[in-house]
Amino acid sequence: MPRFVLVTSLFDPLDVGAVRLANRVLMAPLTRMRASQPGDLPNDLMTQYYRQRASAGLIISEGTQISTEGKGYLDTPGIHSIEQIARWRLITDAVHAEGGLIAAQLWHTGRVNHESLHAEGEWPVSASAVAVRTRTTISDGQGGLARANVPVPRALATDEIARVVADYAHATACAREAGFDLVEIHAAHGYLLHQFLSADSNHRTDAYGGSLDNRLRLLSEVVDASVAAWSADRVGVRFSPVGSFNGLEDPDGAATGLAVARALRARDLAFLHLSEPDWAGGPVLDDDYRGALREAYDGVIIGAGNYDVAKAQRLLDAGFIDAAAFGRTFIANPDLPRRLRDGLPLNPQRVERFYGGDGTGYTDYPAYDA
């Protein structure tokens with residue numbers, strides 16, 4: 001059942017693990033494909049972009065690959081090399097200078113990947129070698145972007161799992177060194193950890209497949225490794241238990257999601273971030289499921305997915321969520337908390353400039369000027 005909470009506004013402060021947020025309007029993780037090459041490096045343009053949006057209660061960074069193996073899209077940044085750490089430090093310092101907070105989203109795309117993004121002989125990996133009908137973004141060979149079908153991945157061998165877990169721990173330590181305030185483990189949207197959670201994509205017969213407990217094992221080990229690399233109050237998890245994402249159909253996802261919530265409750269993490277399916281054209285979550293999720297997890301829950309002030313406030317008042325993350329509206333409105341608080345008009349979104357390119361449609365959206 002929903003818990004009783006004393007929340008009067010989306011703009012009240014909130015304690016999230018080790019940090020205190022100035023408001024509950026969060027910036028959702030948003031892939032933008034502006035990292036510099038070679039090296040998948042954050043850059044000055046990205047620094048400007050994140051600095052502009054520092055009034056969010058918390059910025060959750062774009063998906064940031066934990067290893068070269070984890071990269072599944074062109075021009076996305078990493079958080080595993082010395083140079084990447086140094087470049088991210090410029091971004092976190094800029095956000096902090098504006099009074100903001102920022103979390104690093106730790107990302108391994110698994111089978112949502114393409115061989116052209118890797119050295120010869122390297123191949124996309126997953127829980128199992130299962131074909132999937134989805135696409136990713138690669139170079140068109142002429143300086144632009146192209147969409148390409150993903151190949152059938154190879155299944156990670158059992159003795160490779162420890163390496164993947166260690167990569168998450170290393171990325172957590174790198175994020176801490178880079179000055180991030182928190183990390184978010186991306187276990188949603190059909191990427192690697194979600195591929196292990198779902199029986200649709202996990203056909204393994206070892207300790208990481210078969211039963212629900214076994215399919216939960218990799219996420220549990222990753223969370224524990226990240227906690228060991230920093231602390232529980234600095235680690236959150238994003239998941240998407242209901243809906244279809246990146247070719248992953250999971251009819252049992254709702255039950256799996258509640259099992260994830262119960263498993264994470266015992267670990268006293270900073271937050272659980274629920275990505276709802278309606279942002280991608282899926283169904284709207286009903287209040288029965290929201291209530292079951294709240295019963296399963298009594299820590300901070302962040303909701304994301306087609307939120308506006310009215311939806312966020314209703315769910316806050318009901319006790320189903322503690323904060324709301326906004327995605328595409330934050331792309332177009334760097335001062336979104338102010339606009340929502342004061343009822344100011346929103347900038348129109350330029351969807352054609354969401355991915356790749358220069359500052360056009362990235363850093364040139366204006367703050368409100370009366």
Side-chain angles (χ1 to χ4, degrees), residues 16-21 26-32 34-36 39-43 46-47 49-51 53-54 56-73 76-98 100-109 163-188 191-193 218-219 221-239 264 267-273 300 302 325:
V16 176
V19 300
R20 185 169 179 81
L21 313 190
L26 278 55
M27 179 173 158
L30 294 156
T31 297
R32 305 305 308 275
R34 259 87 168 183
S36 296
D40 299 327
L41 298 174
N43 52 44
M46 291 170 60
T47 301
Y49 168 76
Y50 283 111
R51 182 197 290 271
R53 289 155 179 80
L58 175 69
I59 293 171
I60 304 173
S61 82
E62 62 206 276
T64 305
Q65 53 250 15
I66 62 167
S67 62
T68 55
E69 177 188 79
K71 179 180 179 178
Y73 295 81
T76 49
I79 186 66
H80 52 85
S81 75
I82 292 173
E83 191 169 6
Q84 289 164 354
I85 292 169
R87 298 291 189 93
W88 275 118
R89 170 62 80 169
L90 298 176
I91 292 175
T92 61
D93 284 350
V95 170
H96 294 152
E98 299 294 332
L101 298 167
I102 183 167
Q105 190 189 64
L106 307 184
W107 193 29
H108 190 309
T109 64
R163 170 182 58 74
V164 174
V165 173
D167 286 341
Y168 277 97
H170 175 67
T172 301
C174 290
R176 181 179 185 179
E177 186 176 349
F180 284 97
D181 299 289
L182 303 160
V183 296
E184 174 180 277
I185 296 167
H186 196 348
Y191 296 121
L192 182 70
L193 295 178
L218 179 58
L219 176 59
E221 290 183 356
V222 164
V223 169
D224 290 344
S226 290
V227 167
W230 201 344
S231 63
D233 59 1
R234 299 282 185 171
V235 176
V237 172
R238 192 179 213 212
F239 74 151
L264 297 180
R267 287 167 166 82
D268 198 23
L269 301 180
F271 63 84
L272 182 64
H273 186 177
V300 171
I302 300 165

Looking only at atom types and distance, does a side-chain atom of T92 sit under 3.5 Å from a main-chain N or O of A178, one as donor and one as acceptor? yes
Before giving the answer on side chain to side chain donor-acceptor pair (under 3.5 Å), spell out for D40 and H80 the whole-Å C-alpha distance, their side-chain angles and the decisive distance to 0.1 Å. CA-CA 10 Å; D40 299 327; H80 52 85; 5.3 Å; no
Which atom pair, heavy atoms only, marks the closest approach of W88 to G78? NE1-O, 2.9 Å
Measuring centre to centre across the rings, with the benzene-like ring taken for any Trp, is W107 within less than 6.0 Å of Y73? yes
Locate the shortest heavy-atom distance separating E62 from Y50; write the atom from each residue and the value. OE2-OH, 2.5 Å
Sole residue of V165, L218, L264 in side chain to side chain contact (heavy atoms under 4.5 Å, CB included) with V223: L264
Nearest heavy-atom approach of R238 to A28 is NH2-CB, 4.3 Å
Residues in side chain to side chain contact (heavy atoms under 4.5 Å, CB included) contact with S81, at least two apart in sequence or another chain: E83, Q84
Measure across S61 and F180 and return the closest heavy-atom pair with its distance rounded to 0.1 Å. CB-CE2, 4.4 Å
Residues V237, L193; criterion side chain to side chain contact (heavy atoms under 4.5 Å, CB included); working and verdict: CA-CA 11 Å; V237 172; L193 295 178; over 6 Å; no
Can you find a pair of side-chain heavy atoms, one from Y49 and one from L30, that are under 4.5 Å apart? yes
Option from R34, R32, Q65 for which side-chain hydrogen bond (donor to acceptor under 3.5 Å, both in side chains) with T76 holds: Q65
Check E184, H186, Q105 against H273 for a side-chain hydrogen bond (donor to acceptor under 3.5 Å, both in side chains) and give me the one that passes. E184
Is the CD atom of E98 crowded by more than 12 outside heavy atoms at less than 6.0 Å? yes
